[in-house]
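Read the structure below first, then the notes.
By convention in this document, chain letters (A, B, ...) are assigned in the order of the sequence lines, proteins followed by strands, and residues within each chain are numbered from 1. Please read all numbers here as calculations on a predicted model, not as lab measurements.
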Amino acid sequence: MVLLKSVPPPTEGVRHEQAETTAIMDGKGLGCGTLYVAETRLSWFDGSGMGFSLEYPSIGLHAISRDLSAYPQEHLYVMVNAKLSDENEAEMAENVHDDDEDASSGGEDDDDDEEGVITEIRFVPSDKAALESMFSAMCECQALHPDPEDDDSDNDFEGEEYDVEEAVPEHGQGDVPTFYTYEEGLSALTQEGQATLERLEGMLAQSVAQQYHMAGVRTDESNAEFEDGMEVDAGTTVAGQFEDADVDH
Amino acid sequence: MESAENQTPEPELVAGFSSIRERTIAENSLVILLQGLQGQVTTVDLRDESTARGHVVNVDAFMNIRLKKVLHRDRRGRLTQLEDLFVTGRNVRYVHIPDHMDIMETIQGQLAKSHRVRNFAGGRKEYAKKKS
């Protein structure tokens, strides 16, 4: 049989609620109830308060089906990468976890699929026009739960908004891009770090005058004088030169 | 917005990123190529060995793919039509790139769109001034 538990439906972050929705799990009808598309989980509960919840990471795909030759009613189809038995949700979570371990090396492991460890759920609302809202709400919530194990470490973005255009001071050290291959490489630098880097680059450039390509700035030989420690001056000089270059027409 | 040729929509919509984080992730991986498929019809092979062929509505940085007007073929070859389909990145095995698409151009075009968004507010005139 199918699991039914009395876990209360989510009350917060409910993106969409659809009453009079029948749930069919692996072909077995569970009756009529209410579907809650919440940010934390997808839940369905029948009139007596019994139902089930699905965690978004376990949901493989969802779709709107209007093909009546495939299924006699228009519905929201959800494929879950887990087997929902009449044990409890913990077991389902466990199955998902096991799947994760099996598939950890690049997702090529077909074992879980060949064993058929998926559950197909169809949510049939009485109001067919609601299908799009249900679908969209699920898309939004699904996007809130990116798969943590698939990302390689490069994707680990600190979240601090870094944009080299914004971080670079207004007085226009605009030749900076010539030294940066990828802007994202700078994402580890704070604004202060950025300024320091530019100052150091400037010093380095002035000690190797010919190799320094800078937009609109001529690197004079005389600047080599500063290489032994007039750091602040060098920075100011550089900035000054930039300012000139920056004044356009 | 869906056609790669149509450059008129607002830059933010064109770039289509919902966060700086997503943009960073996308620009550092080949997902940026998949995002260039927006509006195209293609086939996505899923992890469970089913396939879904339809119009690409959106691909996000996590490779979650949204398709519309989909023909879904399950493992056993049974066909189903689906209006809208959202498959999580984790469940994507392959995405077919249409033969007519130039991959390098698509990637470069996507990156250019993204950079236009960045420069939208103020620009780096120094780029234009760069001389040998």
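Interatomic distance, A/Phe135 CZ to B/Arg66 CZ, rounded to the nearest 0.5 Å: 4.5 Å. Note that CG of B/Leu85 and NE2 of A/His62 are 8.0 Å apart. Values are rounded to the nearest 0.5 Å. For the atom pair OG1 of B/Thr88 and CG of A/Leu61, the computed distance is 7.0 Å after rounding to the nearest 0.5 Å. Considering SG of A/Cys139 and CG of B/Asn58, their distance stands at 9.0 Å, rounded to 0.5 Å.
Contacts of B/Arg78 with chain A are absent, with no heavy-atom separation under 4.5 Å from either backbone or side chain. Neither the backbone nor the side chain of B/Leu67 comes within less than 4.5 Å of any heavy atom in chain A. Looking at A/Leu131, neither its backbone nor its side chain comes within 4.5 Å of chain B, counting heavy atoms on both sides. Within the 4.5 angstrom heavy-atom criterion, only side-chain atoms of A/Met79, from C-beta onward, approach chain B.
Here the shortest heavy-atom pairing between B/Thr80 and A/Ser65 reads CG2-OG, 4.4 Å. When all heavy atoms of A/Asn81 and B/Arg47 are compared, the pair lying nearest together is ND2-NH2, 3.4 Å. Between A/Asp67 and B/Gln81, the closest heavy-atom pair is OD2-N, 3.0 Å. For A/Ala143 against B/Asn64, the heavy-atom pair with the smallest separation is CA-ND2, 4.2 Å.
Around atom CZ of B/Arg73, no more than 12 heavy atoms belonging to other residues, nucleotides or ligands sit under 6.0 Å away. Annotation: B/Leu79, atom CG; neighbour count of heavy atoms from other residues, nucleotides and ligands within 6.0 Å is above 12.
Contact of the A/Ser58 side chain with the B/Arg90 side chain is not registered, since no non-hydrogen atoms from C-beta on lie closer than 4.5 Å. By the 4.5 Å heavy-atom criterion applied to side chains, B/Phe86 and A/Gln142 are counted as neighbours.
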